[in-house]
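Everything numeric in this text was worked out from a predicted model, so none of it was measured. As the structure lists them, so they are numbered: ligands from 1, and atoms in each ligand from 1.
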Amino acid sequence: MYDYVIVGGGVVGSFIAHALSHYEGKTLLLEKERTLAQVQTTHNSALVHPELMMPPEKGELKARLGKEGNAMYQELAAQLDVPVNRNGALLVARSGEEMVQLKKMVNDAREQGTAEVDVLSSDEVREIEPNLKASIAGAVKLSAAMSADTSMLTGKIAERATKNGAQINTGEEVTAINFENGVFSISTSSGSEYQSRFLINAAGTANERIAEMVENEVPYKIEPQRGEYIVLDSSAKDFIQHIIYPLPTKKSKGVLMIPQPDGTIRLGPTSVEQSSIDSASVTEEGEKEIRAEIDRLVDNPPYDRISHGYAGIRSSINQEDFYIKPSHEVEAFIHVAGIDSPGVTAAPAIAKYVVEEVIAELEPLRRKENNLLETEIL
Ligand SMILES: Cc1cc2nc3c(=O)[nH]c(=O)nc-3n(C[C@H](O)[C@H](O)[C@H](O)COP(=O)(O)OP(=O)(O)OC[C@H]3O[C@@H](n4cnc5c(N)ncnc54)[C@H](O)[C@@H]3O)c2cc1C
């Protein structure tokens, strides 16, 4: 019998396993793929977003946990020895009209106490990024932004969790859950059955599917959004140094240029509603849209260096904010749902929140002595 079973071994489930491994009790993570982080966690922009890009209007919990997560990553990446690109980001205005909007964003952020909002002129910004178009009217420099190797990050945090006593079983797809007399019985595709007192649903786009195994009425609906990318190989690495954000739209953060720690540059993502949570394809329209948006940012993008394309599906729900709460029907079933962007950024803070503010509210937790990675951060 386990105390905590987590469904889903993306970055979120792995950080939760790690956080729980610091406490008394048996923790097990079940992941359907043969290795961790094969779904959303590695089919994204891999950005640790800065505070300005996660305003409270887009979700109070997203803003809070995103900000806390960003602060945690500043040291965590070095502690875990995960490759990161720390050159920072530029949020650029592509016209005089956009410059007015950018200044308003900056004023709002200053009023909300956002730390880092220094405005650069058109000349200043093109001095540090000469390939940006002359029409770029100005930018805000955001040094707390970084891109990270999210596959290695998830692997390293999961490894710490197992060293602390958590168990991780991959190739185990949860197919049915039964709740009786305070115990979850969890069946998997391999024919195994596991018993647990708590069940934490961190299954990403499959959140609703898992919740339906336990609840009569799931309190959210998944609304999958596809994001497509094209990737420039590492021979293009000198083309830009900073992550380039255009001004965000109501719908998304727009199409970005994202230098990665391995020297490649991701261009994307698009944002397209789709019904399937199981497959994401790269389309001609997607590539066309990405190129059109990138052409508004830089002169002569090196499209001859494109190595491949890929797509990911955001686990968006019909509510703006993250949905992290115990079930109204079965209290020991914890929803960790709607974890679309900034889910990578927020992941370490989501884990802390789930353990210290959700589970600890349901029963007292006792911290183990002699943990690994026993720091101020986690
Ligand atoms: C296009 C795109 C761009 C994004 N860009 C960023 C960004 O730059 N910065 C940022 O902070 N966030 C970004 N995000 C969001 C971020 O990627 C997610 O919030 C984060 O990866 C969510 O992690 P997760 O662990 O919840 O989900 P996932 O990584 O999807 O993990 C869920 C896991 O559950 C497993 N699973 C599903 N069903 C079962 C089952 N029945 N049994 C067992 N296991 C199961 C899956 O195999 C999967 O491994 C982006 C997302 C997308 C799609």
Side-chain angles (χ1 to χ4, degrees), residues 5-17 28-50 53-54 62 65-66 69-70 73 89 145-148 150-151 153-154 157-158 168-177 186-190 194 199-213 222 224-229 243 245 252-256 258 260 266 268-272 274 277-278 280 286 310-316 322 324 335-351 354:
V5 166
I6 301 151
V7 184
V11 68
V12 172
S14 300
F15 265 110
I16 294 172
L28 167 69
L29 184 151
L30 296 173
E31 164 55 46
K32 77 170 162 51
E33 303 293 332
R34 292 173 70 89
T35 40
L36 301 174
Q38 295 302 298
V39 190
Q40 225 185 154
T41 295
T42 43
H43 292 79
N44 57 14
S45 307
L47 270 170
V48 176
H49 288 294
M53 303 313 296
M54 303 177 289
K62 283 183 177 176
L65 299 179
N70 179 298
Y73 274 111
M146 59 172 107
S147 60
T150 52
S151 171
L153 170 72
T154 307
I157 210 72
I168 296 183
N169 290 3
T170 56
E172 283 282 59
E173 179 170 4
V174 172
T175 50
I177 304 168
I186 304 145
S187 309
T188 67
S189 48
S190 70
Y194 300 94
L199 203 148
I200 297 136
N201 178 9
T205 51
N207 271 137
E208 190 181 347
R209 202 179 268 172
I210 298 293
E212 278 167 353
M213 297 177 190
I222 194 93
Q225 300 269 339
R226 187 176 71 248
E228 291 177 42
Y229 294 84
I243 296 152
Y245 289 96
S252 76
K253 293 188 180 69
V255 172
L256 282 60
I258 313 140
Q260 299 293 316
R266 298 183 186 185
T270 56
S271 185
V272 182
Q274 66 168 46
I277 61 164
D278 297 310
Y310 69 94
I313 307 175
R314 299 171 180 88
S315 51
S316 306
F322 294 155
I324 308 177
H335 294 284
V336 186
I339 314 293
D340 52 9
S341 186
V344 167
T345 312
I350 291 174
V354 166

Next on the checklist: Test your reading of the model: is there a side-chain donor-acceptor pair from Arg226 to the backbone of Gly312, 3.5 Å cut-off?
Outcome noted: no
Checklist entry - Does ligand 1 have any atom sitting under 4.0 Å from a heavy atom of Gln38? => result no
Next on the checklist: For Phe15, run the side-chain contact (heavy atoms from CB on, under 4.5 Å) check against Leu153, Val354, Val344, Thr154 and tell me which one passes.
Outcome noted: Leu153
Next on the checklist: Please work out, at 4.0 Å between heavy atoms, whether the side chain, the backbone, both, or neither of Ala206 comes within that distance of ligand 1.
Outcome noted: side chain
Item to check | From the candidates Asp340, Thr345, Asn44, the one that places a heavy atom nearest atom 17 (O) of ligand 1 | outcome: Asn44
Checklist entry - Atoms of ligand 1 less than 4.0 Å from Thr41 heavy atoms? => result 21 (O), 23 (O), 25 (O), 28 (P), 29 (O)
Checklist entry - Is a side-chain donor or acceptor of Ser189 paired with a backbone partner of Glu173 at a separation under 3.5 angstrom? => result yes
Next on the checklist: If the cut-off is 4.0 Å to any non-hydrogen atom of Ile339, which atoms of ligand 1 fall inside it?
Outcome noted: 18 (C), 19 (O), 22 (C)
Next on the checklist: Tell me every residue that passes side-chain contact (heavy atoms from CB on, under 4.5 Å) with Ala349, counting only those two or more places apart in sequence or in another chain.
Outcome noted: Leu65, Glu68, Met72
Item to check | Set of side-chain contact (heavy atoms from CB on, under 4.5 Å) partners for Ser341, sequence neighbours left out | outcome: His49, Lys253
Checklist outcome for this item: So for Ala202 against ligand 1, with non-hydrogen atoms under 4.0 Å, the contacting part is backbone
Checklist entry - Hey, does Thr205 sit under 4.0 Å from ligand 1 if you only count heavy atoms? => result no
Item to check | Proximity to ligand 1 by part of His49, non-hydrogen separation under 4.0 Å | outcome: side chain
Next on the checklist: Please work out, at 4.0 Å between heavy atoms, whether the side chain, the backbone, both, or neither of Ala37 comes within that distance of ligand 1.
Outcome noted: neither
Checklist entry - Using a heavy-atom cut-off of under 4.0 Å, does the side chain or the backbone of Val7 touch ligand 1, or both, or neither? => result side chain
Checklist entry - Which of these passes side-chain contact (heavy atoms from CB on, under 4.5 Å) with Ile277: Asn207, Thr205, Val39? => result Thr205
Checklist outcome for this item: A student checking ligand 1 against Val12 at a 4.0 Å heavy-atom cut-off should list atoms 23 (O), 24 (P), 25 (O), 26 (O)
Next on the checklist: Please tell me whether Ser190 and Glu172 have a donor and an acceptor in their side chains that are separated by less than 3.5 angstrom.
Outcome noted: yes
Next on the checklist: Is Glu228 close enough to touch ligand 1? Criterion: a residue heavy atom under 4.0 Å from a ligand atom.
Outcome noted: no
Item to check | Main-chain N/O of Tyr229 paired with Tyr310 side-chain donor or acceptor, under 3.5 Å | outcome: no
Item to check | For atom 48 (C) of ligand 1, closest protein heavy-atom neighbour | outcome: Glu31 OE1, 3.4 Å
